[in-house]
Amino acid sequence: MIEAIQRWFSVDTILPSKDRLGPVETTKNLYNKYLKIAWPATLQGLMMQLMTAIDLAMVGSLGAAALASVGIMGQPEMVMLVICRALSIAVTAIIARRHGEGDVDGMNAVLKQSILLNFLIYVPLLTICLFNLEHILRFTGAEDGYIETAVWYGRFIVLSLIFQSFSQIVGGALIGYGNTKVIFKSNVVGNILNTILNFFLIYGIAFFPEFGVMGAGISTLISSAVIAALLLRAISQHTKTGLTLLHPSKWRFERTVLHTVFHVGGSSLGEQFFERFGMYTYTMIVASLGAVPLAAHYVCMNLMDIFYYFAMGLGFAGASHTGQNLGHKRPDLARAFGVIGARMGLVVGFISAMIFISAGHLLVQLYTRESDVVTLAGALMGIMAIAAFPQALQQVYAGVLKGAGDTFYIMKYSLVSVAIIRPIITYVLCITLGLGLYGAWISLCFDQSLRLVCAYMRFISGSWQHKIV
């Protein structure tokens, strides 16, 4: 049994000799190279999620209405970030490819011009959102019982997005370059600071005033600024061959750079838009079920996100290695790293499922002690265990496609699965058939499975290896 598992993980099984286009390192070295990028990205996400969990526990102690005030802002925040997320995907793919090609000037030109483009977009966008926040939250499904608290909290979140969008672009560049340790370290500092500030500002400890939910928003704003400052420092170092703002490449927009960014990023924007539209609609349906189901849903989503970040780290590593190896003219290694990521993704899915089944109820109680929320969230653990597998695997395969610049295909299946099928199934199961929150999570599981099938079919076809970036 052990020998069979070892063969399954072996590079000789993943990439047979007849399919190799050049020398291939040992199984141990390939996995180490993959994990060198994946682990810092995973730990960054886990650290962020741990801090979010602590935040939720603090806010949850104020009651279900306070928890709902924070939860209802989640989808508007994600929608506001779609542009920079799309731009960062393009930056990752292009910088990984340029790094593989040894084009230092092109790599740094993409970094500089993407940062400038990000600010030109987000300063006016966030200004508009700030002055229309109440309308946005009511449209999302916020109820009168907590709308005022949600608006106060949301104002600080909107202000923090100017820093978050910058960090997203720089983070995408560092992932493409293969330096995820800097991202991890910056987020560790920022998130620990966020938790400390939450403790003082939410409860009014020592000489700090008691801000309640608004204190969580203030903490997020300050910590986001600190993370952005640390990442700025990281890309402001003197280096001849690395990623730095001090390189003599141009800040002024160049047609060739913008064309490549829009070519890859345009499809990523479509993907992000469709995903956010679907999730926004999804959250609106869940919010219509009431404050307790919304609070339970938010707790479960955060538990799911803990293991999502393991898969996200694998996806980042896949994107980086795919872009770099295609730049090196080694599509065989790009595919091998994709398979390595999938092997790890299955392990992540299995461990996630076991934890949800065996300890899910205990984990829920770390977020809130309200019996109605705990009971409802605990009842969803079985569905979450099933969803863990497609969630992990589709992140891995999508990471390979993104690293290759095959974002148009991802946009197409996101339109069908997330923006069309998922909201329809959610409404039918939750409202028409009266399954409530159970229906929402069955819909989520179906959506993740459909996206996995689409990404996997594209991966095995090999057409992504021929994309020009």
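Just so it is clear, the values below take in all heavy atoms, side chains as well, and ignore hydrogens, waters and symmetry mates.
Summarising the geometry, atom CZ belonging to R335 is positioned 11.5 Å from atom CD1 belonging to I340; distances are rounded to the nearest 0.5 Å. Distance CG/L116 to CG/L111: 11.5 Å, rounded to 0.5 Å. The distance from the CZ atom of F156 to the CG atom of L130 is 10.0 Å, given to the nearest 0.5 Å. Separation of atoms CG (L415) and CZ (F273) is listed at 10.0 Å; rounding is to 0.5 Å. Put simply, CG on L137 and CD1 on I147 are 5.0 Å apart, with the number rounded to the nearest 0.5 Å. With rounding to the nearest 0.5 Å, the separation of CD in E101 from CE in M107 is 11.5 Å.
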**Prompt:** So V257 and F253, side-chain contact (heavy atoms from CB on, under 4.5 Å) or not? Walk me through it.
**Reply:** CA-CA 7 Å; V257 173; F253 290 128; over 6 Å; no
**Message:** Quick one, K402 with E271, criterion salt bridge (charged side-chain N to carboxylate O under 4.0 Å, His left out). Give me CA distance, side-chain angles, the key distance, then yes/no.
**Reply:** CA-CA 11 Å; K402 290 174 182 178; E271 174 214 347; 3.6 Å; yes
**Request:** Report the C-alpha distance between M344 and F310 in whole Å, list the side-chain angles of each, state the deciding distance to 0.1 Å, and finish with yes or no for side-chain contact (heavy atoms from CB on, under 4.5 Å).
**Result:** CA-CA 9 Å; M344 294 182 178; F310 280 95; over 6 Å; no
**Message:** Checking S417 against D447 for the side chain to side chain donor-acceptor pair (under 3.5 Å) test, could you report, in this order, the C-alpha distance in whole Å, the side-chain angles of both residues, the deciding distance, and whether it holds?
**Reply:** CA-CA 6 Å; S417 181; D447 166 51; 2.5 Å; yes
**Item:** M457/I460 under side-chain contact (heavy atoms from CB on, under 4.5 Å): CA gap, chis, key distance, verdict
**Value:** CA-CA 5 Å; M457 294 300 291; I460 62 174; 4.1 Å; yes
**Request:** Determine, step by step, whether T260 and R98 satisfy the side-chain contact (heavy atoms from CB on, under 4.5 Å) criterion, reporting the C-alpha distance in whole Å, the side-chain angles of both residues, the deciding distance to 0.1 Å, and the verdict.
**Result:** CA-CA 12 Å; T260 308; R98 298 293 175 269; 4.0 Å; yes
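Around atom OH of Y308, no more than 12 heavy atoms belonging to other residues, nucleotides or ligands sit under 6.0 Å away. Within 6.0 Å of atom CZ in F277, 12 or fewer heavy atoms from other residues, nucleotides or ligands are found, so the atom counts as exposed in its surroundings. Atom CZ of F119 has more than 12 neighbouring heavy atoms from other residues, nucleotides or ligands inside a 6.0 Å radius. Other residues, nucleotides and ligands contribute more than 12 heavy atoms inside 6.0 Å of the CZ atom of F389. Surrounding CD of Q237 are more than 12 heavy atoms belonging to other residues, nucleotides or ligands, all under 6.0 Å away. A 6.0 Å sphere centred on CZ of F408 holds no more than 12 heavy atoms belonging to other residues, nucleotides or ligands.
For residues 172-199, every residue pair satisfying the ring-ring contact (aromatic ring centres under 6.0 Å, His included) rule, not counting sequence neighbours, is listed here: H99-Y177. Counting only residues at least two apart or on different chains, the side-chain hydrogen bond (donor to acceptor under 3.5 Å, both in side chains) pairs with a member in residues 133-143 are E134-R138, R138-D144, T140-Y280. Here side-chain hydrogen bond (donor to acceptor under 3.5 Å, both in side chains) pairs that include residues 281-297, with residues two or more places apart or in two chains, are H297-W441.
Contact of the L193 side chain with the V189 side chain is not registered, since no non-hydrogen atoms from C-beta on lie closer than 4.5 Å. Contact annotation: the side chain of M73 approaches that of L133 to within less than 4.5 Å [non-hydrogen atoms, C-beta and beyond]. Looking at heavy atoms from C-beta onward, R458 lies in side-chain contact with L401 at the 4.5 angstrom threshold. Contact check for V170 versus L232: no side-chain heavy atoms found under the 4.5 Å cut-off. M312 is not listed as a side-chain neighbour of Q391, based on a closest heavy-atom distance of 4.5 Å or more. Between K250 and K112 the shortest side-chain heavy-atom distance does not fall below 4.5 Å. Side-chain contact between Q272 and M78 is absent, with no heavy-atom pair separated by less than 4.5 Å. A heavy-atom distance below 4.5 Å is found between the side chains of V261 and I94.
Taking both residues in full, the closest heavy atoms of M304 and M384 are given as CE-O, 3.6 Å, listed atom of the first, atom of the second, then distance. Nearest approach of P390 to L452, heavy atoms of both residues: CA-CD2, 3.9 Å. Nearest heavy-atom pair, N187 versus I183, reported as atom, atom and distance to 0.1 Å: ND2-O, 2.8 Å. Residues S236 and L245 share a closest heavy-atom pair of OG-CD1, 4.2 Å. Shown here for M279 and V418, the closest heavy-atom pair between the two residues is N-CG1, 4.5 Å. Scanning both residues, A109 and S249, for their nearest heavy atoms gives N-OG, 3.5 Å.
T127 is linked by a side-chain contact (heavy atoms from CB on, under 4.5 Å) to F131, counting only residues two or more places apart in sequence or in another chain. Under the rule for a ring-ring contact (aromatic ring centres under 6.0 Å, His included), the partners of Y409 that lie at least two apart in sequence or sit in another chain are Y413. In this structure S443 satisfies the side-chain hydrogen bond (donor to acceptor under 3.5 Å, both in side chains) test together with T426, sequence neighbours excluded. Considering only residues two or more places apart in sequence or on other chains, Y146 meets the ring-ring contact (aromatic ring centres under 6.0 Å, His included) condition with none of them. Residues satisfying the side-chain hydrogen bond (donor to acceptor under 3.5 Å, both in side chains) criterion with N118, sequence neighbours excluded, are S165. For R155, the salt bridge (Lys or Arg N to Asp or Glu O under 4.0 Å) test picks out no residue, with sequence neighbours left out. Residues passing the side-chain contact (heavy atoms from CB on, under 4.5 Å) test with I83, sequence neighbours excluded: I121, Y122, L125, L269.
Ring-plane geometry between W464 and F459 is classed as parallel, the angle between the planes falling under 30 degrees on a 0 to 90 degree scale with a further cut at 60.
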Per-pair distances, 0.1 Å, donor-acceptor, side chain in residues 214-231, under 3.5 Å, sequence neighbours excluded:
unit_1	atom_1	unit_2	atom_2	d
S219	OG	N198	N	3.2
S219	OG	N198	OD1	3.1
S219	OG	G215	O	2.9
T220	OG1	A216	O	3.0
S223	OG	S219	O	3.0
S223	OG	T220	O	3.1
S224	OG	T220	O	2.7

Acceptor/donor pairs from residues 319-327 side chains to any protein atom, 3.5 angstrom cut, sequence neighbours excluded:
unit_1	atom_1	unit_2	atom_2	d
S320	OG	I175	O	3.0
S320	OG	Q324	NE2	3.1
H321	NE2	K33	O	3.1
T322	OG1	G318	O	2.6
Q324	NE2	G176	O	3.1
N325	ND2	H321	O	2.8

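Under the 3.5 Å distance criterion, the side-chain polar atoms of S69 are left unmatched by any main-chain donor or acceptor of T149.
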